[in-house]
Amino acid sequence: VETCPELPAEEKIFYAVLVFSWTVYLWEAYLAFRQRRIYRSTMHVPTELGKIMDPETFEKSRLYQLDKSNFGFWSGLYSETEGTLILLLGGIPFLWKMSGIVTARFGLGPEYEISQSLVFLMLATLFSALTGLPWSLYNTFVIEEKHGFNQQTLGFFLKDALKKFAVTQCILLPVTSLLLYIIKIGGDYFFIYAWLFTLIVSLVLVTIYADYIAPLFDKFTPLPEGELKTDIESMAKSISFPLTKIYVVEGSKRSSHSNAYFYGFFKNKRIVLFDTLLEDYSPLNKSGEGESATEQKDENENKKQGCSNLEVLAVLGHELGHWKLGHTVKNIVISQMNSFLCFFLFAALIGRKELFLAFGFHDSQPTLIGLMIIFQFIFSPYNELLSFCLTVLSRRFEFQADAFARGMGRSAELYSALIKLNKDNLGFPVADWLFSMWHYSHPPLLERLRALTGPKQD
């Protein structure tokens, strides 16, 4: 009986990457199927939710999440198929060859690897942006529009997309060129220098993002003097949070979803509130001006978006809890430990020729391609495991931040704020246990509400 000859190492690597990629996709598709089954079968408000959600909002959220899930199935299938075809048809070495042709037109030969790498990166991100554009358009102007969230015009959307692409290139290309240069000249310990460089870049970007990058896309204005600003400053002072500025961002220009966050290092913290979070500031609450008094009263009672000042304070109490309990620092430490480990392993693997052969690079071993192969493909099992662990950790942090806000005496306000935010964002409160365990970085609404009203826990 003849036996099949053993596959070369490079082919084993290639097919292992493909099989693992499809295994993850099928697992994700199975989880999404379980959750879609919940959306389809849960037609009425469960008894436990009777006092939290009215039937109309429940049905709206069910249909919204069902549409999003169906969209996610088709976009996920396309993405997985596209990625597979790129690998099978040699898309990566083809694009590298095209990049070499472009650089050669400017008189730059193969020895100018960093220049060729930047052209490759620009072409790859352009390809990704163009193939993703139809999906993004459908998501924004069909799904989000249908369910009342989209506030963008087509012109605003396209201008925003071009601006994002340009800003991304302005950051990505210089950072990548410096990283490749450091790897080239770093010697045996280049992984330490590369890690330190990415650490510095990430800290700089976090520091400048809200001051210099985010304002390119959204309007930031200081929160006006008044009761809310005074109360926020008092709350920050009570826990020694070094607050310097409070901004309101005009998120309502693109979406009616709401959010809040803080940023900054050391003694220079800023808080950012979306206008859609603030009941008194959201432009979406002013659309009823000019209606009759009775109609406006009904609108205010039933449809008003955002949270009251006390509820906003409770939400910020939760966010400040993340700072006070060290969650932000812990996440940074975990991220940087992971980054260091990945660069260390990259240094051990970058010399393995079979990794390059597996993806069609027979005559050269470009550093950028090595980074892509190792970080994106070889590390994919580790990345999946790490992602799940961080999701579990994130849920624990959310419970702790809720408990912190409760300890500040804001349990009732946070309770009502979570219900309002869930309603405003059409969150569906019923989740399949396996889907939520794998995907939810925040605990399901009911679990958070129970924790806020139940006995205090550490």
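Two residues are said to be in side-chain contact when any heavy atoms from C-beta on lie closer than 4.5 Å; M43 and R62 meet this criterion. Considering only heavy atoms from C-beta on, Y247 stays 4.5 Å or farther from L223 through its side chain. Between C307 and E279 the shortest side-chain heavy-atom distance does not fall below 4.5 Å. Proximity of K330 to F397: side-chain heavy atoms (C-beta onward) are separated by under 4.5 Å at one or more points. The shortest distance between side-chain heavy atoms of L88 and F14 falls below 4.5 Å. Counting only heavy atoms from C-beta outward, the side chains of L278 and N309 never approach each other to under 4.5 Å. Between I271 and F241 the shortest side-chain heavy-atom distance falls below 4.5 Å. A heavy-atom distance below 4.5 Å is not found between the side chains of V201 and L179.
Considering every non-hydrogen atom in both F165 and A129, the closest pair reads CD1-CB, 4.3 Å. Summarising the geometry of L180 relative to L368, their closest heavy-atom pair is CD2-N, 3.8 Å, with the distance given to 0.1 Å.
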Working for side-chain contact (heavy atoms from CB on, under 4.5 Å), residues M437 and V392 | CA-CA 8 Å; M437 180 188 73; V392 173; 5.7 Å; no
Apply side-chain contact (heavy atoms from CB on, under 4.5 Å) to the pair F404 and I239, showing each step before the final yes or no.
-> CA-CA 11 Å; F404 183 86; I239 61 169; 4.0 Å; yes
Run the side-chain contact (heavy atoms from CB on, under 4.5 Å) check on L243 and F262 step by step: do they pass?
-> CA-CA 9 Å; L243 178 63; F262 69 87; over 6 Å; no
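By the neighbour-count criterion of 12 heavy atoms within 6.0 Å, atom CH2 of W135 is densely surrounded, having more than that number from other residues, nucleotides or ligands. No more than 12 heavy atoms of other residues, nucleotides or ligands shown are found within 6.0 angstrom of OH on Y138. Other residues, nucleotides and ligands place more than 12 heavy atoms under 6.0 Å from the CZ atom of F217. Heavy atoms of other residues, nucleotides or ligands lying less than 6.0 angstrom from CZ of R352 number 12 at most. Around atom OH of Y78, more than 12 heavy atoms belonging to other residues, nucleotides or ligands sit under 6.0 Å away. When the shell of 6.0 Å around OH of Y209 is examined, it contains 12 or fewer heavy atoms from other residues, nucleotides or ligands. In K163, the NZ atom is crowded: over 12 heavy atoms of neighbouring residues, nucleotides or ligands sit closer than 6.0 Å. Other residues, nucleotides and ligands contribute over 12 non-hydrogen atoms within 6.0 Å of the NZ atom of K269.
In this structure, a donor-acceptor pair under 3.5 Å is present between the side chains of E311 and S416. Defined by atom type and a distance below 3.5 Å, a donor-acceptor pair is present between the side-chain atoms of T84 and W22. There is a side-chain donor-acceptor pair under 3.5 Å between E144 and H257. Judged purely by distance below 3.5 Å, without hydrogens or angles, the side chains of Y64 and N425 never pair a donor atom with an acceptor atom. No hydrogens or angles considered: nothing links the side chains of E227 and T230 as a donor-acceptor pair under 3.5 Å. D231 and S234 share no donor-acceptor pair across their side chains, judged by distance under 3.5 Å alone. For the residue pair D424/S258, the side-chain donor-acceptor check at 3.5 Å is not satisfied. A side-chain donor-acceptor contact under 3.5 Å links T125 and Q169. If you check the side chains of T140 and N150, you find no donor sitting under 3.5 Å from an acceptor. Using modelled atom types and a 3.5 Å distance limit, the side chains of S69 and Q35 yield no donor-acceptor pair. Side-chain contact annotation: Q400 with H322, donor-acceptor N/O pair under 3.5 Å absent.
Under the 30°/60° scheme for interplanar angles, the aromatic rings of W438 and F388 are found to lie parallel. Below 30°, between 30° and 60°, or above 60°: for F428 and Y39 the angle between ring planes is above 60°, a perpendicular geometry. The aromatic rings of F435 and H439 are tilted relative to each other, their planes meeting at an angle between 30° and 60°. Ring-plane geometry between F377 and F359 is classed as parallel, the angle between the planes falling under 30 degrees on a 0 to 90 degree scale with a further cut at 60.
Between W195 and F343, the distance from one ring center to the other does not fall under 6.0 angstrom.
Partners of Y263 by ring pair (Phe, Tyr, Trp, His ring centres under 6.0 Å), not counting sequence neighbours: none found.
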